[in-house]
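Only a predicted model underlies this, so the values are computations on that prediction, with no experimental measurement involved.
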Amino acid sequence: MPDRLILLRPDDWHIHLRDGAALSRTVTDAARTFGRAIVMPNLVPAVRNASEAGAYWQRIQAARPADSRFEPLMTLYLTDETSPEDIRTAKAQGFVHAAKLYPAGATTNSDAGVTRIDNIFPTLEAMAEAGLPLLVHGEVTHSEVDVFDREKRFIDENLVRIIEHFPTLKVVFEHITTRDAVQFVETSSSNVGATITAHHLLYNRNHMLVGGIRPHFYCLPILKRKTHQEALLDAATGGNTKFFLGTDSAPHARHAKEAACGCAGCYTAYAAIELYAEAFEQRSALDRLEAFASHHGADFYGIPRNTDHITLTREEWTAPACMTFGEHTLVPLRAGEKLRWRLLEEKM
Ligand SMILES: NC(=O)N[C@@H](CC(=O)O)C(=O)O
Ligand SMILES: [Zn+2]
Ligand SMILES: [Zn+2]
């Protein structure tokens, strides 16, 4: 087992940076590791068009540490009203790299999302033509469907149909959590990829529910049983270029998580690559981490890989118990517990 890992600088293909005072926390944490990040558009109000994405891009740029070259890659939030023209305008700007499908009601700030997939078919057509990838939060929202089955049902009811209708559309199945999703991506065309979070690789629903309910493990899609966790580990460490890093780091203030009706989302950006290294080490697959973290995503999106490097050392440290988050407090995943890898200075 190596004690030191030098990796081409990774990118995060799925992150929530939030807005306002939160940006100094989230952007600083992401920029320490990642060259670029696909920035989720689920603000309130949502980022629905090129001009809103441009304004958000500027707020993120302004929150970067002084010497940072971190580059936010912006996305649009699809609604029933998003037009093909919105897509063409966004693509022409250059800083919009994808559009995100949130089924209405599926997750945090998804109320403005799409109510029926058919409503956005003309928009998806325009995305396929423009070469703008579709990012999907893949869960159905029908109240009768068990929360643990919602990803599988989304594949069967929606994803299969989208992919059949638009074979040239690039689709990223975000934060996959099941064996079903892994198999679906593996057997689909090369236009279909998936992001996998560190928390879905490291944890399963027992970690969230046995011995007391732990709100900081609550995210969507919800952690599944161990067999699904194993399938995700197989996928991430297996070398298949369709799977790549997307933290889904999704901060909520402590009071919003530790509540009778707590928000969904785990904060991992402060130690993202360190957590992934742990997961890969469990599978004796540290030699596969660089491709998953730094090659596959850029290649899928068709943008150049980074050229500088980061260094990880095997060195135990303790995660902070809490962090400043605007005027609030944030409890990160692993708060107060040990981490096995530490990020060192960058190497040009
Ligand atoms: N993953 C989560 O549990 N929450 C995300 C939304 C999302 O990615 O679904 C958030 O914005 O808080
Ligand atoms: Zn999501
Ligand atoms: Zn997310």
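- A donor-acceptor pair under 3.5 Å is absent between the side-chain atoms of D11 and the main chain of S294, judged by distance alone.
- Panel note: side chain S68, backbone P65; no donor-acceptor pair is recorded below 3.5 Å.
- Residue Y301 is found in a hydrophobic cluster whose other members, listed by chain and number, are W13, I38, M40, L73, Y77, Y102, L135, V172, F244, F300, I303; membership requires side-chain heavy atoms under 4.5 Å apart, directly or through intermediates.
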Can you list the steps and then say if L43 with N109 is a side-chain contact (heavy atoms from CB on, under 4.5 Å)? CA-CA 7 Å; L43 305 181; N109 302 339; 6.0 Å; no

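- Ion pairing of D146 with R150 is absent here, as no side-chain N (NZ or NE/NH1/NH2) approaches a carboxylate O to less than 4.0 Å.
- Taking 4.0 Å as the cut-off between side-chain N and carboxylate O, R305 and D299 count as a salt-bridged pair.
- For the pair I6/I310, no side-chain contact is recorded, criterion being any heavy-atom separation below 4.5 Å from C-beta on.
- Looking at H216 and E258, their side chains do bring a donor and an acceptor atom within 3.5 Å of each other.
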Quick one, S83 with D86, criterion side-chain hydrogen bond (donor to acceptor under 3.5 Å, both in side chains). Give me CA distance, side-chain angles, the key distance, then yes/no. CA-CA 5 Å; S83 68; D86 289 331; 3.2 Å; yes

Where do H137 and E174 land on the side-chain hydrogen bond (donor to acceptor under 3.5 Å, both in side chains) test, with the steps shown first? CA-CA 6 Å; H137 180 107; E174 299 289 341; over 6 Å; no

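- Counted by atom type alone, N204 and H228 present zero donor-acceptor pairs between their side chains at under 3.5 Å.
- Relative orientation of the Y203 and H207 rings is perpendicular, given thresholds of 30° and 60° on the angle between their planes.
- If you check the side chains of T177 and K224, you find a donor sitting under 3.5 Å from an acceptor.
- Side-chain contact annotation: W341 with E281, donor-acceptor N/O pair under 3.5 Å present.
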Working for ring pair (Phe, Tyr, Trp, His ring centres under 6.0 Å), residues H200 and H175: CA-CA 8 Å; H200 288 101; H175 48 43; 7.2 Å; no

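- Between K242 and S190, the shortest heavy-atom contact is CE-CA, 4.1 Å.
- Judged purely by atom type and a 3.5 angstrom limit, T75 uses its side chain to pair as donor or acceptor with the backbone of V39.
- Cation-pi geometry between R36 and F70 is not satisfied (NZ or CZ under 6.0 Å from the ring centre, within 45° of the ring normal).
- Residues D156 and K152 form a side-chain contact, since some pair of their non-hydrogen atoms from C-beta on lies under 4.5 Å apart.
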Would you sort out whether Y267 and V331 count as a side-chain contact (heavy atoms from CB on, under 4.5 Å), showing the intermediate values? CA-CA 7 Å; Y267 192 65; V331 179; over 6 Å; no

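- With sequence neighbours excluded, the residues satisfying side chain to side chain donor-acceptor pair (under 3.5 Å) with R18 are H252.
- Pairing each heavy atom of P122 with each of N119, the nearest pair is CD-O, 4.1 Å.
- Electrostatic pairing of K338 and E278 does not count as a salt bridge here, judged by no charged N lying under 4.0 Å from a carboxylate O.
- For the residue pair T197/D248, the side-chain donor-acceptor check at 3.5 Å is not satisfied.
- For the side chain to side chain donor-acceptor pair (under 3.5 Å) test, residues two or more places apart in sequence or in another chain that qualify with D3 are R314.
- Scanning all heavy atoms of the two residues, the minimum distance from A277 to L286 falls at O-CD2, 3.5 Å.
- Side-chain N or O atoms of T247 include none that pairs as donor or acceptor with a backbone N or O of I15 at under 3.5 Å.
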Could you check E290 against H309 for side-chain hydrogen bond (donor to acceptor under 3.5 Å, both in side chains), going step by step and ending with a plain yes or no? CA-CA 10 Å; E290 183 178 50; H309 293 79; 5.0 Å; no

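- No side-chain donor-acceptor contact under 3.5 Å links Y270 to the backbone of D29.
- Using modelled atom types, no side-chain atom of T195 and backbone atom of G246 make a donor-acceptor pair closer than 3.5 Å.
- Between H296 and F243, a ring centre-to-centre spacing not shorter than 6.0 Å is recorded.
- No side-chain donor-acceptor contact under 3.5 Å links R153 to the backbone of E151.
- Side chains of I120 and T82 form no contact here, defined as non-hydrogen atoms less than 4.5 Å apart.
- A heavy-atom distance below 4.5 Å is found between the side chains of H16 and N42.
- Listed for the T28 side chain is a donor-acceptor partner under 3.5 Å among the backbone atoms of S24.
- Side-chain contact between D149 and V147 is absent, with no heavy atoms from C-beta onward closer than 4.5 Å.
- Nearest approach of K170 to G302, heavy atoms of both residues: NZ-N, 4.2 Å.
- For the pair I87/L132, a side-chain contact is recorded, criterion being any heavy-atom separation below 4.5 Å from C-beta on.
- Ionic pairing of R161 and E164 is not present here: no N-O contact between side-chain nitrogen and carboxylate oxygen is shorter than 4.0 angstrom.
- In this structure, R254 does not pair ionically with E327, as no charged nitrogen and carboxylate oxygen lie closer than 4.0 Å.
- Between F292 and F280, the two ring planes are tilted [angle within 30° to 60°].
- Looking only at distances, no side-chain donor or acceptor of R9 sits under 3.5 Å from a matching main-chain atom of G35.
- For T187 (side chain) and F184 (main-chain N/O), a donor-acceptor pair under 3.5 Å exists by modelled atom type.
- With a 4.5 Å cut-off on side-chain heavy atoms, L76 and E52 do not count as touching.
- In this structure the side chain of V140 reaches within 4.5 angstrom of the side chain of N158, judged on heavy atoms.
- Nearest heavy atom pair, residue D111 against residue A104, reads O-CB, 4.1 Å.
- Considering every non-hydrogen atom in both V96 and A53, the closest pair reads CG2-CB, 4.0 Å.
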